[in-house]
Amino acid sequence: MTSKRRGQAPRQSDVARLAGVSQSAVSRVISGDVDAARIPEETRQRVLAAIKELGYVPNASARNLRNKRNRLIGVHTFEAVFPHARTDFYFEFLLGIEERAEQTGFDLVLFTSTGAGDGRRRVYRDGTNRLNLADGSVLLGVSTDRAELARLWNDGYPFVHIGRREVPGAQIPCVIPDYRGAAIGIVDKLAGHGHRRFAYLREPMEMEPYADRRDGYREAVERLGLTDRSPGFRGESGLTGDWIDELVRGGETAVVAESVRLAERLLAGLRERGVRVPQDISVAVLEATWQGTSVQWDSLEIPRVAIGRIAVDRVIDMLDHPDEPPESLLVPCPIVPGTTVAAAREERP
């Protein structure tokens, strides 16, 4: 049975599925560019057979654009992320991308126009993939358009996304900060200091990076047999004064917060109630902190420059090895020691 969809012309993704290869390999067989010579003959024949069976007709304009390498790597963001200051969250990602592109002999193309009245940045405009100017692209940003990611994947365009993104029907290649592993490491560290009763502060966001943190935290708590009766552990977000009162009255000795914002609110509330950090309660943060904060939090580090460099390497690897399916890569996030975690004192009654 073929994978051609009823009532629609076959696409490169259909050819790739039938041939058992990546969309990128199909694209290069069709284009006949210099990289196609690296594809094994057996793979090329499977692609050609699938094209014949499905009746696939390549898009001539797209084929012409891919006919040769421009030695250009695109950088596309789904919202305005280009920094106005060196403290911007995305600055170091972009720095790593720029450094690695220069080292590998590629120029960068920044795609920044919206092409829509709602301010969102689009990959496709009037049905055309604007990224085709570049040989491949690095995508980043919070407000990811998953439909466009799926379309890019199905079209076989070489790209990686910085940060994990789950898209139904597509295996989006990503370079992923390992928030799950970092959350496990922070819980292990607190448990190593003797903490057994925990509380969790949860942000309202439901994106993949937060899901990874929560999965890692829960896994470590359950594996170590720790106790957490907090609303955050039950899936409730936010921080209230009533809950801080309950925390002060309870026996918890360690709090893990998803963000500096929540940790700072907690710290202020504890100080108002005469509770000291870390002498009475230890607090760790599942987020990268920055210089200039009033407290040196025990937290994690996101190796943003390294991730930017790795993303460029992954795109180039896709161009050099189009017959190999692109894979996502986890990048460890080291634990950063601060002044907000100490050995657990005897549990309060």
Side-chain angles (χ1 to χ4, degrees), residues 11-13 15-16 21-39 43-44 47 57-78 81-82 90 93-115 121-141 144-145 148-162 170 172-175 307-327 329:
R11 300 170 64 174
Q12 280 191 13
S13 59
V15 175
V21 300
S22 69
Q23 290 94 336
S24 181
V26 173
S27 175
R28 275 145 183 80
V29 170
I30 293 169
S31 68
D33 64 17
V34 293
D35 288 330
R38 300 188 182 186
I39 297 179
T43 300
R44 194 176 74 87
V47 171
V57 178
N59 182 296
S61 59
R63 185 176 64 246
N64 288 338
L65 282 171
R66 291 191 294 265
N67 226 10
K68 62 179 181 179
R69 283 208 200 169
N70 296 320
R71 298 204 67 79
L72 299 175
I73 289 180
V75 179
H76 174 84
T77 67
F78 287 98
V81 300
F82 292 101
Y90 291 98
F93 289 126
L94 299 170
L95 181 62
I97 291 170
E98 180 184 37
E99 287 180 351
R100 191 58 180 154
E102 182 176 358
Q103 290 171 353
T104 54
F106 281 79
D107 289 317
L108 292 179
V109 181
L110 306 182
F111 296 92
T112 60
S113 61
T114 62
R121 295 181 171 178
R122 306 295 181 93
V123 171
Y124 291 88
R125 182 183 297 172
D126 298 325
T128 300
N129 175 9
R130 297 166 54 245
L131 305 184
N132 267 326
L133 177 65
D135 300 316
S137 293
V138 178
L139 280 60
L140 71 163
T144 305
D145 188 320
E148 293 210 320
L149 288 184
R151 186 172 178 183
L152 277 176
W153 167 258
N154 287 326
D155 285 349
Y157 181 79
F159 75 97
V160 298
H161 191 284
I162 290 181
I172 302 303
C174 304
V175 181
I307 288 172
R309 295 168 64 89
I310 291 168
V312 171
D313 285 339
R314 301 298 277 187
V315 171
I316 295 174
D317 190 59
M318 291 179 191
L319 299 174
D320 289 341
H321 305 284
D323 55 319
E324 297 180 5
E327 297 180 351
L329 178 68

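Counting begins at 1 with the first residue of the sequence. Computed from heavy atoms alone, side chains included, the values below leave out hydrogens, waters and symmetry copies.
- Taking CD from Glu148 and CG from Asn129, the interatomic distance works out to 8.5 Å, rounded to the nearest 0.5 Å.
- Taken from CG in Leu319 to CG in Asp135, the straight-line distance is 5.5 Å, to the nearest 0.5 Å.
- A heavy-atom distance below 4.5 Å is found between the side chains of Ile316 and Ile73.
- With a 6.0 Å radius and a threshold of 12 heavy atoms from other residues, nucleotides or ligands, Glu99 has its CD atom above the threshold.
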Side chain to side chain contact (heavy atoms under 4.5 Å, CB included) between Val160 and Ile310, intermediate numbers included = CA-CA 10 Å; Val160 298; Ile310 291 168; over 6 Å; no
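- Atom CD1 of Ile307 is separated from atom CG of Leu329 by 9.0 Å, given to the nearest 0.5 angstrom.
- Rounded to the nearest 0.5 Å, atoms CG (Leu110) and CG (Leu94) are 8.0 Å apart.
- In plain terms, the two heavy atoms of Pro326 and Ser22 that are nearest each other are CD-CB, 4.3 Å.
- A side-chain donor-acceptor contact under 3.5 Å links Arg314 to the backbone of Glu327.
- Judged by a 6.0 Å distance limit and a 45° cone about the ring axis, Arg151 is positioned over the six-membered ring of Tyr124.
- Atom SG of Cys174 sits about 12.0 Å away from atom CG of Leu140, to the nearest 0.5 Å.
- If you take CG on Leu152 and CD1 on Ile172, they are separated by 8.0 Å, rounding to the nearest 0.5 Å.
- Of all non-hydrogen atoms in Trp153 and Phe159, the two that sit nearest each other are N-CE2, 3.8 Å.
- For Phe93, the ring pair (Phe, Tyr, Trp, His ring centres under 6.0 Å) partners at least two apart in sequence or on another chain are Phe89.
- Annotation: side chain to side chain contact (heavy atoms under 4.5 Å, CB included) contacts of Glu98 (sequence neighbours excluded): Leu95, Leu108.
- Just one residue in the list Val109, Asp155, Val75, Val123 forms a side-chain contact (heavy atoms from CB on, under 4.5 Å) with Leu131, and that residue is Val123.
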inquiry  = Set out, in order, the CA-CA distance, both residues' side-chain angles and the distance that settles side chain to side chain contact (heavy atoms under 4.5 Å, CB included) for Tyr90 and Ile162, then state yes or no.
reply    = CA-CA 10 Å; Tyr90 291 98; Ile162 290 181; over 6 Å; no
